[in-house]
S.K.: 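This is the structure I want to talk about, given as structure tokens.
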Amino acid sequence: MRNENSPDGGLIGEVEQFLYREARLLDDRQFHEWLQLFTDDARYFMAGRSNRYPQSSKAIAILDPGRYVESDVTGEDELALFDEDKTTLAARVARLDTGMAWAEDPPSRTRHLIANIEVEPSESEVEINVYSNFLVYRSRAETEEDFYVGARRDVLRRVDGDWKIARRRMVLDQAVLTAKNLSIFF
Amino acid sequence: MCDYLGEMAWYLDAFFDRREGGIELIGGMHKWVMPCNWKFPAENFGGDGYHTSWSHRSAIDTGSGGNFRLAPDPLGVMLSPGKGHCVIGVGPDMLADPPASEILAYEDAIRPEMEARLGPRLNRIKPIVGTVFPNFSLLRPTSRTFRVWHPRGPDKTEVWAWVYADKQAPPEVKEAIRLAGVRVFGPSGSFEQDDMDNWQGCTQTGRGVVARSYPLNYQMGLGHDRFDPALGAWASEYRYSENNHRHFYRRWAELITGAPWAELANGGTREDRHA
């Protein structure tokens, strides 16, 4: 089904190529080039999730339904997993260049798999909303392995003819993170 | 509770009861699993003042820490208030807060109120990090956090970490603390991610065939500590000392002997009786 608001295949293909190139830059540890993909006013946010009953659950008695928060996703004013602007993202990249960033020394070997890409128009003429899912495999040292799985909602902005990431809001689908750290980018 | 804490209660007040109304939590929490023994993070928060300028140099040099952590601190001490509890204190005029202008201005402004509530000891020492024996740790300078190290076997620890602020702090200070709690500590924190790697390395090394055949060396500052009545704690002579580690592990060793709690409750060591 297709309506006039649906993005055309050309735009979808363009966005896919953008996200795949971004994933390749991360896996190749081209972090300075990756940083260039963000607008100067970018916000980079990753929520965690928690283990919660729905409000309708008969398994629990909610004493004060007005105060019960059903959402299991970390709010934007809460203790997120990442909450960065361009400056702090750049500081994270600079830290990796010091030769003393021990969690990435030796570095993680990552593979970013990006899927379920959806493109929708936004209210701005120069911005689009892009949904995607990620599955990131991390191998480190001899036998350490982690899988990070979640979703992203990006706002891409057309700047001087190129797409840039103006907002990235991610959700990581674990209540208890089973990896020892988040020393890589998503 | 007060019996269990002893003089540590005052040190907890210096984190949690600095202003009328106490503290409140920032919403949400961090939970994650680390491949290390629970005692490594507990002793790290309890007394490892000497890892900072090596383990965290990358974060300090790239702006997320503040250079004050590399400055000399002649008044800094390791403090053991007894029963295995441990605190690291810096000199009263040392900076010990996230390097956000809102937080630094706020700390200056509340100093008189803090002194009125907590008394003259604050002019001797500024507690910045510590461990309530055995597995509850708290931290002031990089983000305001407290956490529980849940043992999940000999080489696995599940962390539950919260970030908090004075209830009366203005919104911009709470927001600066929240951001420090996300960016500097927690699983992605530019400081803490390197800690996790260290603790894993310590755990793996400690289980090695050779390491198991030797006692671990915790002699730093041995014999250079004394009971300081004004601080209510055994205090090291120098900022860098394993005094607290020795108190922590002495208490741990007492408790795993299996002696009845009645004999152990008040601490079996000479230091702890004194305290």
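Naming: A, B, ... by sequence-line order, numbering from 1 per chain.
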S.K.: Let's test your reading of the structure: which of B:E192, B:M196, B:H56, B:M34 forms the most heavy-atom pairs below 4.5 Å with chain A?
M.R.: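 Top count of heavy-atom pairs under 4.5 Å with chain A: B:M196.
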S.K.: My understanding is that only residues two or more places apart in sequence, or in another chain, count here; which of them pass salt bridge (Lys or Arg N to Asp or Glu O under 4.0 Å) with A:R95?
M.R.: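 Listed in chain order: B:D194.
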S.K.: Got a sec, which residues hit salt bridge (Lys or Arg N to Asp or Glu O under 4.0 Å) with A:R158, two or more places apart in sequence or on another chain?
M.R.: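 Salt bridge (Lys or Arg N to Asp or Glu O under 4.0 Å) list for A:R158, sorted by chain: A:E14.
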S.K.: Looking at chain A, which one of B:S188, B:G27, B:G28 has the largest number of heavy-atom pairs inside 4.5 Å, strictly under?
M.R.: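 Result: the option with the highest number of such pairs is B:S188.
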S.K.: If you draw a 6.0 Å radius around OH in A:Y53, do more than 12 non-hydrogen atoms from other residues or ligands fall strictly inside?
M.R.: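 Not more than 12 within 6.0 Å, no.
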S.K.: Residue by residue, scan residues 174-187 of chain B and write down, ordered by number, those that have a heavy-atom distance under 4.5 Å to chain A; if none do, write 'none'.
M.R.: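 The residues closer than 4.5 Å to chain A, in numerical order, are B:R178, B:L179, B:G181, B:V182, B:R183, B:P187.
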S.K.: Given side chains that start at C-beta, do those of B:D197 and A:R140 come closer than 4.5 Å, heavy atoms only?
M.R.: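 With C-beta onward as the side chain, the pair touches.
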S.K.: Evaluate whether atom CG of A:D64 has more than 12 neighbouring non-hydrogen atoms of other residues, nucleotides or ligands under 6.0 angstrom away.
M.R.: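 Yes, enclosed.
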S.K.: Kindly check if the number of other-residue, nucleotide or ligand heavy atoms within 6.0 Å of CZ (A:R52) is above 12?
M.R.: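 Yes, because the 6.0 Å sphere around CZ of A:R52 holds more than 12 heavy atoms from other groups.
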S.K.: Got a donor-acceptor contact below 3.5 angstrom from the B:H30 side chain to the A:V176 backbone?
M.R.: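 No: the side chain of B:H30 does not pair with the backbone of A:V176.
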S.K.: Suppose a student defines contact as a heavy atom less than 4.5 Å from any heavy atom of chain A. Which residues in residues 144-159 of chain B would they list?
M.R.: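 Only B:E158 of residues 144-159 of chain B have a heavy atom under 4.5 Å from chain A.
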S.K.: Quick check for you: among B:A161, B:S58, B:G201, B:S190, which has the greatest number of heavy-atom pairs under 4.5 Å with chain A?
M.R.: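 Option with the greatest count: B:S58.
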S.K.: So, for A:W102 and B:W54, which heavy atoms are closest and what is the spacing to 0.1 Å?
M.R.: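 Closest approach of A:W102 to B:W54: NE1-O, 3.3 Å.
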S.K.: Can you tell me which portion of A:A175 sits under 4.5 Å from chain B's heavy atoms? Options are side chain, backbone, both or neither.
M.R.: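 When you check distances to chain B, only backbone atoms of A:A175 fall under 4.5 Å.
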S.K.: Which region of A:T88, side chain (C-beta onward) or backbone (N, CA, C, O), has a non-hydrogen atom less than 4.5 Å from a non-hydrogen atom of chain B, or is it both or neither?
M.R.: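 Contact with chain B: side chain only.
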S.K.: Heavy-atom distances under 4.5 Å only: say whether A:D146 touches chain B with side chain, backbone, both or neither.
M.R.: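 Contact with chain B: none, neither part.
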S.K.: How far apart are the closest heavy atoms of A:L79 and B:I26, and which atoms are they?
M.R.: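 Where A:L79 meets B:I26 most closely, the heavy atoms are N-CG2, 4.4 Å.
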S.K.: To the nearest 0.5 angstrom, please state how far the CG atom of A:D97 sits from the CG atom of B:D61.
M.R.: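 These two atoms lie 12.5 Å from each other.
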S.K.: Need one label for A:A179: side chain, backbone, both or neither, based on atoms under 4.5 Å from any heavy atom in chain B.
M.R.: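 The backbone, not the side chain.
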S.K.: Hey, could you give me the OG/NZ distance between A:S50 and B:K31, rounded to the nearest 0.5 Å?
M.R.: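 Reported to 0.5 Å precision, the distance equals 8.0 Å.
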S.K.: Could you tell me which portion of A:Q174 (side chain, backbone, both or neither) has an atom closer than 4.5 angstrom to a non-hydrogen atom of chain B?
M.R.: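 For A:Q174, no heavy atom lies under 4.5 Å from chain B.
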